[in-house]
> 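First, the structure itself, so that you have it in front of you.
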Amino acid sequence: MEGACVLEVDVNGEEKFFVDKNVLSRYSGRLSKLFGKTSVTGTPKTLKVIFHGLPGGPDAFELMTKFCYNNGSIQITPINTLLLHFVAHFMEMTHDLIMQTEKSLECIPYWTWSETLIAFQQCQEFFQASNSSGVLDKIIDSLVRRIVTTSDTSPLSSSPDSSNLRLSFDTRSTLSMRNSNHPSSWFEDLLILNSDTIEKFINCMVSRKVDHATISRFLFYYLKHRNLNAPTDEKRKNTEIIIGLLYSLDTDSFSFKSLFGILRMSSSLDLSKCCRSRLESMVGSQVDEATLDSLLVPAADQGMQCLYDVNLVLRFLRYFLQSSVQICVKRLKKVGSLMDLYITEVAPDPKLKPSKFVALITALPDSSRESHDAMYRAIDMYLQVHSGLAQEEKMKICCAINYEKLSSESCKHLAGNSKFPSRTAMQALITQHSKLKNLLQDTNCLRKFRNSTHKEQQMNDTENEQVILYAKRVDISMEDEKLKAHLEGMQWKAMELEKICRKIQNQMTRIMKIKLCSPNGGLRSLPKLCS
């Protein structure tokens, strides 16, 4: 640069360039304005300029100098378009360069998948400039369009946890696919997304009607790989972003197992209260898919003292009941069966407070259980471990039992169970007596119906003279045979139940005699029984 004014340029503190001031000033309005201010007092032989925040850094500045030294001409490709575009705006280059880069940006839909990914990475490096100009949105939209139109992608047809996540192409076909206009395995390719761009990308996928199940699988895959070997703060940030994005999707687009995996992983990350609440609500809405092992979460809070985190399960149940206006009966009963297993498992915990146990057994509506035998066994176990409970506390627990849904065996067992309050034993006996009475009434009705039907059949046979003899016996029709067999079975059952009823009545008599003879006269005036 003999005879020229040398310009020392420090780009973002990363690299220094020595260029001819006059050559660059001819095409850069920013440099021309800068040096125009120093022309009055004379320009020194060497100038030094420091640029902070130049988009694209040293690579972009080098491309700009090539453009200037080549008399305002440079080959523009998908790889350098963004660098030239943003440095052109930053350095206020001549209109020609800006026009050329904008024309190239119009061809983004025709760039290959790999070229678009490189451009996307460049956008992330100078996010503010690309986001404000709208270029980032164009590139994201182009990538999403290719995902939508791609039919031969592994992630769309398999789970990200699957071993065959990536297509089993050989090296040559993989390279061919990557150089084409379609992605081969976009789950892995899009791990380059950072916290600034993933939300924009997912929102674009949603607006383009990408299947929510596909989006959720990608999000689980993304979180799993981004959190590998990441520091705790980064893990927390990634997890909160993914939970927020999953919360915006349809609840049936992800499984309980995947969500619960995030819940377990995030237990040590100290997530924000809002984020944890969202995660628990998503898990709770699908608690019918849970297993007993998944619900047996150890209590993390030392102040809880009990073995398992029952508060977490109670929140799951609350969110489940709030998840829809009308819950499917099948799902509700599935949760009821699951909770019967859960309360049986936690009942022996000596540190489980009565209030928490009552909350567990009363959390679901009565329609969630066809039988209360399992609940009775859990309560029996709880009262055995917590033998020092007051009668009032025992009654609160026993009020959860629907005696109408207890089997005869459970009622009989309860009647002689000294761990239960005497009032509950009486309630069980009265309920069982009522059930037996109703059963006998139903049996009598069936018997009368059978007799009337038989007489009517005989009259019809007489009128029509259609007597069919076989081996000198009357051949009763198939329907009558079924009815007869059913009634005989009912009669036998009624006889057995009458025997049980007599035994129960004898037990009631003995209990009442014992209570009447007690010093307190416990049953002289029976209090109102728990319903």
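The first residue in the sequence is number 1, and the count goes up from there.
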> Start with the C-alpha gap between S104 and T81, add the side-chain angles, then the distance that decides, and say whether side chain to side chain donor-acceptor pair (under 3.5 Å) holds.
CA-CA 7 Å; S104 179; T81 295; 2.8 Å; yes

> Taking all heavy atoms of G57 and all of V11, pick out the closest pair and write down the distance.
C-CG1, 3.6 Å

> Is the ring pair H386/Y382 parallel, tilted or perpendicular, if the boundaries are 30 and 60 degrees?
parallel

> So how far is it from I139 CD1 to T197 OG1, rounded to the nearest 0.5 Å?
11.0 Å

> Taking the side chain as everything from C-beta on, heavy atoms only, tell me whether I327 gets closer than 4.5 Å to V335.
no

> Evaluate the ring planes of F187 and Y221, with Trp represented by its six-membered ring, and classify them as parallel (under 30°), tilted (30 to 60°) or perpendicular (over 60°).
tilted

> Could you give the distance from CD1 (I108) to CZ (F120), rounded to the nearest 0.5 Å?
12.0 Å

> Under 3.5 Å, side chain of R278 to main-chain N/O of K273, donor-acceptor pair present?
no

> Pick one: which of L406, D340, I401 meets side-chain contact (heavy atoms from CB on, under 4.5 Å) with D373?
L406

> Are any side-chain N or O atoms of T112 and backbone N or O atoms of E115, one a donor and one an acceptor, separated by less than 3.5 Å?
yes

> Measure from the side-chain N and O atoms of S277 to the backbone N and O of C274, and report whether any donor-acceptor pair falls under 3.5 Å.
no

> Whether the T101 and H85 side chains hold a donor-acceptor pair (N or O, under 3.5 Å, no angle test) is what I'd like checked.
yes

> Can you see which heavy atom on L364 is nearest to which on L317, and at what distance?
CD2-CD2, 4.2 Å

> Using side-chain heavy atoms (C-beta onward) and a distance below 4.5 Å, is L24 in contact with M64?
yes

> Keeping the roles fixed (side chain from T424, backbone from C398), state whether a donor-acceptor pair exists under 3.5 Å.
no

> Which heavy-atom pair separates T344 from A374 by the least distance, and what is that distance?
OG1-O, 4.3 Å

> Do the non-hydrogen side-chain atoms of L83 and V87 ever get within less than 4.5 Å of each other?
no

> Any donor-acceptor pair under 3.5 Å linking the side chain of R208 with the backbone of R145?
no

> Would you say NZ of K200 has more than 12 non-hydrogen atoms from neighbouring residues, nucleotides or ligands within 6.0 angstrom?
yes

> Establish, for the pair R217 and F254, whether the NZ or CZ atom is under 6.0 angstrom from the six-membered ring centre and no further than 45 degrees off its axis.
no

> Give the intermediate values and the outcome of side-chain contact (heavy atoms from CB on, under 4.5 Å) for residues I74 and L63.
CA-CA 8 Å; I74 191 172; L63 285 172; 4.1 Å; yes

> Rounded at 0.5 Å granularity, tell me how far CD in E92 sits from CG in L97.
13.0 Å

> May I ask you to test the L105-L82 pair for a side-chain heavy-atom distance under 4.5 Å?
yes

> Any heavy-atom pair between the side chains of Y319 and M282 that's under 4.5 Å?
no

> Starting from the C-alpha separation in whole Å, work towards a yes-or-no answer on salt bridge (charged side-chain N to carboxylate O under 4.0 Å, His left out) for K16 and E8.
CA-CA 7 Å; K16 293 181 180 180; E8 180 186 341; 3.7 Å; yes

> Would you check if there is a donor-acceptor pair between the side chains of S142 and R146 at a distance under 3.5 Å?
yes

> When you measure from the side chain of S216 to the backbone of S253, do you find a donor-acceptor pair of N or O atoms at a distance under 3.5 Å?
yes

> Between S367 and L332, does a side-chain contact (heavy atoms from CB on, under 4.5 Å) hold up when you go through it step by step?
CA-CA 8 Å; S367 57; L332 188 61; 3.5 Å; yes

> What I want to find out is whether K405 reaches E370 closely enough, with some N-O distance under 4.0 Å, to be called a salt bridge.
no

> Is there a donor-acceptor pair under 3.5 Å between the side chain of Q124 and the backbone N or O of I192?
yes

> Show the nearest heavy-atom pair for residues D288 and K334, with the distance to one decimal.
O-CE, 3.2 Å

> The criterion is salt bridge (charged side-chain N to carboxylate O under 4.0 Å, His left out); which residues satisfy it with E280, sequence neighbours excluded?
R315

> Measure the shortest side-chain to side-chain distance between V313 and V346 over non-hydrogen atoms and say whether it is less than 4.5 angstrom.
no

> Could you tell me whether the side chain of S294 and the main chain of A290 form a donor-acceptor pair under 3.5 Å?
no

> Mind checking the OG-NZ spacing from S387 to K394? Nearest 0.5 Å is all I need.
7.5 Å

> Would you sort out whether F201 and L143 count as a side-chain contact (heavy atoms from CB on, under 4.5 Å), showing the intermediate values?
CA-CA 9 Å; F201 200 95; L143 290 171; 3.8 Å; yes

> Just checking F316 against Y342, ring centres under 6.0 Å apart?
no

> Would you please name every residue forming a ring-ring contact (aromatic ring centres under 6.0 Å, His included) with Y247, sequence neighbours left out?
none

> Report the relative orientation of the aromatic rings in Y376 and H413; use parallel for angles under 30°, tilted for 30 to 60°, perpendicular for over 60°.
perpendicular

> For R377, what residues pass the salt bridge (charged side-chain N to carboxylate O under 4.0 Å, His left out) criterion, not counting sequence neighbours?
none

> Determine whether C123 and V135 make a side-chain contact, defined as any pair of heavy atoms from C-beta on separated by less than 4.5 Å.
yes

> Is any side-chain heavy atom of E15 closer than 4.5 Å to a side-chain heavy atom of V9?
no

> Determine whether more than 12 heavy atoms belonging to other residues, nucleotides or ligands lie under 6.0 Å from atom CE of M265.
yes

> Who pairs with D349 by salt bridge (charged side-chain N to carboxylate O under 4.0 Å, His left out), at least two apart in sequence or on another chain?
none

> Checking side-chain contact (heavy atoms from CB on, under 4.5 Å) for the pair I379/I343: CA distance, chi angles, key distance, verdict?
CA-CA 9 Å; I379 293 175; I343 59 177; over 6 Å; no

> I need the D211 CG to M205 CE distance, nearest 0.5 Å.
9.5 Å

> Rounded to the nearest 0.5 Å, how far apart are CG of L259 and OG of S255?
6.5 Å

> Look at the side chain of R226 and the backbone N and O of L191, then say whether any donor-acceptor pair between them is shorter than 3.5 Å.
yes

> Could you check whether any side-chain N or O of D309 sits under 3.5 Å from a backbone N or O of L312, counting only pairs where one atom can act as donor and the other as acceptor?
yes

> Shortest non-hydrogen contact from M381 to A347?
CB-CB, 4.3 Å

> Among residues two or more places apart or on two chains, list those pairs meeting salt bridge (Lys or Arg N to Asp or Glu O under 4.0 Å) that have a residue in residues 236-260.
D233-R236

> Kindly write out the residues that satisfy ring-ring contact (aromatic ring centres under 6.0 Å, His included) with F260, not counting sequence neighbours, or none if the list is empty.
F256

> Give me the atom names and distance for the closest heavy-atom approach of S258 to F220.
CB-CZ, 3.5 Å

